Chemist: 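I'd like to ask some things about the structure below.
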Amino acid sequence: DQQVKQNSPSLSVQEGRISILNCDYTNSMFDYFLWYKKYPAEGPTFLISISSIKDKNEDGRFTVFLNKSAKHLSLHIVPSQPGDSAVYFCAAREGGSEKLVFGKGTKLTV
Amino acid sequence: DVKVTQSSRYLVKRTGEKVFLECVQDMDHENMFWYRQDPGLGLRLIYFSYDVKMKEKGDIPEGYSVSREKKERFSLILESASTNQTSMYLCASSTSGGRSSYGYTFGSGTRLTVV
C-alpha cells in the first residue's frame, strides 16, 4: 500500500512557465517532507524540504506547499528552465523513524 | 563536500554469480540504506542499517543480503544474481535524530545488468 503517491508519471512545461508537481500521502504520522531531483545515471539530490508544522517553504525558484488537512504537498518551480528537466521524487519521514518513504516519481520535461 | 561513493557506475554480471556492491560515506553518518530504482516503481528500499553490524530488511530484501563491518561502509550482496535484479542500485546515508533537514545523501548509483 503506497503511503506516498505521485499520481502524474510525467509533466511537460514550457520554459519560463510554472511547473507544479503534486504528491499525496496517507500516513498522518509523517512529520517531514522532502523533494529530490534525479538526473539519468545519477543519484537523487536534495532539493527542498518542509516540516509538518509549516505550510510553505521557499528557496529561490522552488517553493513547497503543504496542506495537512488534505494530506497533499506540491512543488512549484518558477520560472521553469530546461535544466530542471529530471525526475522528481517526493519523500516523507515518519516521526521517530530514520527511513524515508518515496513516491514513484514524476518526470518533468521543460 | 560530503560524499557517498559507490564503487562501480556500471556492472555486467552473469546469472548465478555472487555480486558485491560497495558503498562508502565520509560523513560519519549512522544510517545507511540500499535502494533500487526501476521505471514506474520509483525507489524501493532493500536493506538499511542504523549502526555497525546492525541491519534491517526493507521492502524487497529477497535475494539480497548486506554487510556493515565498519561505520563508513555498507555492502549489498546479491547471493545468486538473476535477470530480474537488473536495476539501478542507489546507496544513501543519513545522520540520526532528525538533525538533518536534507534527509539522505545519495551516491551516484550503480547500473547493474545481469545477463
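Since this is a predicted model, take the numbers as computed values, not measurements. Naming convention: chains lettered A, B, ... in sequence-line order (proteins, then strands); numbering from 1 in each chain.
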Chemist: Just by distance, no angles: are the side chains of A:N67 and A:H72 close enough, under 3.5 Å, to form a donor-acceptor pair?
Modeler: no

Chemist: So, are B:K71 and B:D51 salt-bridged, with charged N and O less than 4.0 Å apart?
Modeler: no

Chemist: Select, from A:G103, A:P9, A:A41, A:S51, the one with the greatest count of heavy-atom pairs under 4.5 Å involving chain B.
Modeler: A:A41

Chemist: Start with the C-alpha gap between A:D84 and A:R61, add the side-chain angles, then the distance that decides, and say whether side chain to side chain contact (heavy atoms under 4.5 Å, CB included) holds.
Modeler: CA-CA 11 Å; A:D84 296 328; A:R61 296 186 297 114; 2.8 Å; yes

Chemist: Side chain, backbone, both or neither: which part of A:A91 has a non-hydrogen atom closer than 4.5 Å to chain B?
Modeler: neither

Chemist: What part of A:P44 gets closer than 4.5 Å to chain B, counting heavy atoms only: side chain, backbone, both or neither?
Modeler: both

Chemist: Name the orientation class of the two ring planes belonging to A:F102 and B:Y104 (parallel below 30°, tilted from 30 to 60°, perpendicular beyond 60°).
Modeler: tilted

Chemist: For B:R44, which atoms come within 4.5 Å of any heavy atom of chain A: side chain, backbone, both, or neither?
Modeler: neither

Chemist: A:K107, A:E42, A:K99: which one forms the most heavy-atom pairs within less than 4.5 Å of chain B?
Modeler: A:K99

Chemist: For residues A:S52 and A:D31, is any side-chain donor paired with an opposing acceptor at under 3.5 Å?
Modeler: no

Chemist: Let me know if A:K38 has heavy atoms under 4.5 Å from chain B in its side chain, its backbone, both or neither.
Modeler: side chain

Chemist: Heavy-atom cut-off 4.5 Å, strictly under: side chain, backbone, both or neither for B:Q6 against chain A?
Modeler: neither

Chemist: Just give me the residue among B:G58, B:P39, B:G109, B:G42 that pairs up with chain A most often, heavy atom to heavy atom, under 4.5 Å.
Modeler: B:G42

Chemist: Using heavy-atom distances under 4.5 Å, tell me whether B:L90 contacts chain A through its side chain, its backbone, both, or neither.
Modeler: side chain

Chemist: Distance only, no hydrogens: is a donor on one side chain within 3.5 Å (strictly under) of an acceptor on the other, for A:R17 and A:S80?
Modeler: no

Chemist: Testing B:R14, B:Q85, B:K13, B:E79 one by one against B:V19 for a side-chain contact (heavy atoms from CB on, under 4.5 Å), which residue passes?
Modeler: B:K13

